[in-house]
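One structure is given below, encoded as structure tokens.
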Amino acid sequence: KVAVDLVDEGMIDEKEAVCRVEPKQLDALLHPTFDAEALKKAQAVGKGLAASPGAACGKVVFTAEDAKEWHARGEKVVLVRLETSPEDIEGMQVSEGILTVRGGMTSHAAVVARGMGTCCVSGCGDIVVDYENKKFSLAGKDYHEGDWISLDGSTGSIYGEAIPTVPADPGSGYFGRLMGWADKYRQLMVYTNADTPRDAKQGRAFGAQGIGLCRTEHMFFEETRIKAMREMIVADNTEDRKKALAKIMPYQQGDFEGLYEAMEGCPVVIRFLDPPLHEFLPTKEEDIAEIAEEMNITVERLHEVIASLHEFNPMMGHRGCRLAVSYPEIAEMQTTAVINAAINVQKKHPDWKMVPEIMIPLVGEVKELKYVKDVVTATADKIIKDAGIDMKYEVGTMIEIPRAALTADEIATEAEFFSFGTNDLTQMTFGFSRDDAGKFLSYYYEKKIYESDPFAHLDQKGVGKLVKMAAELGRKTRPSIHLGICGEHGGDPTSVEFCHKVGLNYVSCSPYRVPIARLAAAQAAIKNPR
Ligand code: PEP
Ligand code: MG
């Protein structure tokens, strides 16, 4: 309001107004905050990482199922977990806030909560959780299921009491005018990371010009789908795997149609299956027994499958495009779903120009990209031909392995676009686990070895050098290549400025960070015009 008023009074111009607002301040307009008076009287009892902004107040629950149950009967809950996994998504969705003992700024809880716009404090190692007795202890006190706690996801503070919250208020009119000026001056496009039509609509409402990353695996966890997914994983031959994939296909296609509809013809980048397969398998004994029965195999056989999928370093294991290299039928199914969805939506909306974009994750060698791309193009070309429709599509890759950045000139011979996956690129460049680094990084800040979390703010010296180099190499091979970023840094103001400076075309971030990225991109362009 002050910035807009100053422009109306002729004291400053629009560019100055855009530059005077700290992008991170927008968080306070887009998320609930604590009632200021009540907060003054409250005393924090612990601190974790400020993983997803906003204020939350609710009763403690320890499982995603309890979160859903309590929510259904009208309770406000805060979900407390050692860490979250994709199985917890529905419980996370209904929680006011999420508190985890383990996990850094790009851990599952942090990334998913940010995507949902839900408050999250992650990596509070001082907490001792006792799931069995449904309690946790922190700073010498026990908190039981049903006790009130409050979280500040913007500072990482944890309060052992209820502090009333005030809903988000983007301030009628002023916000829109300031953001309008930001859009006028920025040169970077701003996309959103979105896995569901709900996220996509939220991102679009906040001004996203496309989807830069749809993580397709998040669509596999609903009850009916996870069964088919598990059948696919347990299958020990291609035919059975294909049968299971055929069951998943219509769901995927429906999901993609939903995303395309929500984005009204704007670009949508769909990334193929990325996580290690064991993430989809049950962990609890009772679930294993139930699933074995459902799948008509013995508990022992299911245990064997689970054991065979065990990996010492799953993040460096059988994941990303390696899955499609081993099982090309997965890429075939996902391509079929993407292209059919695009054709259906194109028929419904002849005025939209549908150009599906398929993104292959975790590529480190041009030949593996070419292998998967060949599967994609063979499948897509046939469907398009059979449909008798004229549709273009693009196949690109994530650059998230240092080797891909180093050989980006070769990778660009096959990739029509690059999206920098700086979560994994940071993990693999530093050799820091993105899930565990929070545990020791505080020593590094204390000792002034590192100033900030490289998973939150892009390390421009090291990881940034790889990004810059890969962008240049990619453009040398293919001048028309689109370059973007979809790691969590895409919503961080200093990282956005870096992306502007190295000449990327777009940044993609979680919906609630889209306005921050728009403002940061405008400030970068005003300060450093291209
Ligand atoms: C990344 O690695 O930066 C990325 C966007 O992919 P994910 O976080 O899903 O690994
Ligand atoms: Mg990644």
Side-chain angles (χ1 to χ4, degrees), residues 3-4 7 12-30 53 114-115 117 170 174-194 199-200 202-213 263 266-269 399 417-423 425 452 456-460 463-464 467-468 470-471 474-475 481-530:
V4 173
V7 173
I12 59 173
D13 63 13
E14 291 170 4
K15 287 185 178 176
E16 182 64 30
V18 163
C19 289
R20 284 209 189 171
V21 179
E22 180 73 42
K24 286 290 284 176
Q25 283 181 308
L26 298 182
D27 269 342
L29 305 179
L30 304 173
R114 233 174 275 141
Y174 297 102
F175 179 74
R177 284 185 66 199
L178 184 81
M179 294 311 295
W181 297 332
D183 291 342
K184 195 151 108 188
Y185 298 110
R186 71 185 156 90
Q187 292 166 311
L188 276 171
M189 308 261 279
V190 178
Y191 289 4
T192 189
N193 293 355
D199 294 351
Q202 185 64 70
R204 197 122 166 76
F206 284 147
Q209 295 160 287
I211 292 180
L213 170 64
M263 294 310 286
C266 292
V268 175
V269 178
I399 301 286
F417 60 87
F418 284 172
S419 181
F420 290 95
T422 46
N423 303 332
L425 193 58
S452 62
H457 309 295
L458 188 79
D459 158 49
Q460 299 185 13
V463 179
V467 171
K468 185 167 182 283
R475 282 217 170 100
I481 196 165
H482 308 287
L483 303 172
I485 178 174
C486 64
E488 288 303 294
H489 304 92
D492 168 61
T494 55
S495 313
V496 171
E497 182 178 10
F498 174 82
C499 294
H500 168 85
K501 285 187 188 160
V502 299
L504 300 195
N505 302 102
Y506 68 87
V507 296
S508 187
C509 55
S510 52
Y512 282 82
R513 293 170 107 192
V514 165
I516 295 174
R518 286 161 65 199
L519 187 55
Q523 293 181 352
I526 292 167
K527 288 185 213 147
N528 321 274
R530 276 183 187 164

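FYI, side chains are in, hydrogens and waters are out, and symmetry mates aren't considered; it's all heavy atoms of this structure.
- With hydrogens and angles disregarded, a donor-acceptor distance shorter than 3.5 Å links the side chain of Ser508 to the backbone of Thr192.
- A donor atom on one side chain and an acceptor atom on the other are not found under 3.5 Å apart for Tyr185 and Gln523.
- In this structure, Gln209 contributes its side chain and Val190 its backbone to a donor-acceptor pair below 3.5 Å.
- Atom SG of residue Cys486 and atom CZ of residue Phe418 lie 13.0 Å apart, to the nearest 0.5 angstrom.
- Listed for the Arg20 side chain is no donor-acceptor partner under 3.5 Å among the backbone atoms of Ala3.
- Atoms CG and CD1, from Asp27 and Ile516 in turn, are 4.0 Å apart once rounded to the nearest 0.5 Å.
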Go through Phe175 and Leu30 one step at a time and tell me if the side chain to side chain contact (heavy atoms under 4.5 Å, CB included) criterion holds. CA-CA 10 Å; Phe175 179 74; Leu30 304 173; 4.0 Å; yes
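- Expressed to the nearest 0.5 Å, how far CG of Asp459 lies from CZ of Phe498 amounts to 9.0 Å.
- Across all their heavy atoms, Ala208 and Tyr191 have their closest contact at CB-C, 4.1 Å.
- Of all heavy-atom pairs between Thr494 and Gln460, the closest is O-NE2, 3.6 Å.
- Between Arg186 and Ala525 the shortest heavy-atom distance is CA-CB, 4.0 Å.
- To the nearest 0.5 Å, atoms NE2 (His500) and NZ (Lys527) are separated by 10.5 Å.
- A heavy-atom distance below 4.5 Å is not found between the side chains of Asp13 and Val7.
- The backbone N or O of Glu22 lies less than 3.5 Å from a partner atom in the side chain of Gln25, making a donor-acceptor pair.
- In this structure, Trp181 CH2 and Glu14 CD are separated by 5.5 Å, a value rounded to the nearest 0.5 Å.
- Although no hydrogens or angles enter the test, the distance criterion places no donor-acceptor pair under 3.5 Å between the side chain of Gln187 and the main chain of Ala524.
- Across every non-hydrogen atom of Pro493 and Ala520, the tightest pair is CA-CB, 3.7 Å.
- In this pair, Phe206 and Tyr512 present their aromatic rings perpendicular. The plane angle is above 60°, beyond the 30 to 60° band.
- Distance alone, capped at 3.5 Å, places no donor-acceptor pair between the Glu488 side chain and the Cys509 backbone.
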Full working for side chain to side chain donor-acceptor pair (under 3.5 Å) between His457 and Ser495:
CA-CA 6 Å; His457 309 295; Ser495 313; 5.2 Å; no
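- Neither side chain, Asn193 nor Ser510, offers a donor N or O lying under 3.5 Å from an acceptor on the other.
- Heavy atoms only, all atoms of each residue included: Val467 and Phe420 are closest at O-CZ, 3.6 Å.
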Side chain to side chain contact (heavy atoms under 4.5 Å, CB included) between Val269 and Leu213: does it pass, once the steps are laid out? CA-CA 5 Å; Val269 178; Leu213 170 64; over 6 Å; no
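- Although no hydrogens or angles enter the test, the distance criterion places a donor-acceptor pair under 3.5 Å between the side chain of Asn505 and the main chain of Leu483.
- Using a 4.5 Å heavy-atom cutoff, the side chains of Leu26 and Leu29 are in contact.
- Expressed to the nearest 0.5 Å, how far CD of Glu497 lies from CG of Leu188 amounts to 10.5 Å.
- Across all non-hydrogen atoms, the minimal contact from Cys499 to Val507 is CB-CG1, 3.9 Å.
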Set out, in order, the CA-CA distance, both residues' side-chain angles and the distance that settles side chain to side chain contact (heavy atoms under 4.5 Å, CB included) for Val18 and Leu519, then state yes or no.
CA-CA 7 Å; Val18 163; Leu519 187 55; 3.8 Å; yes
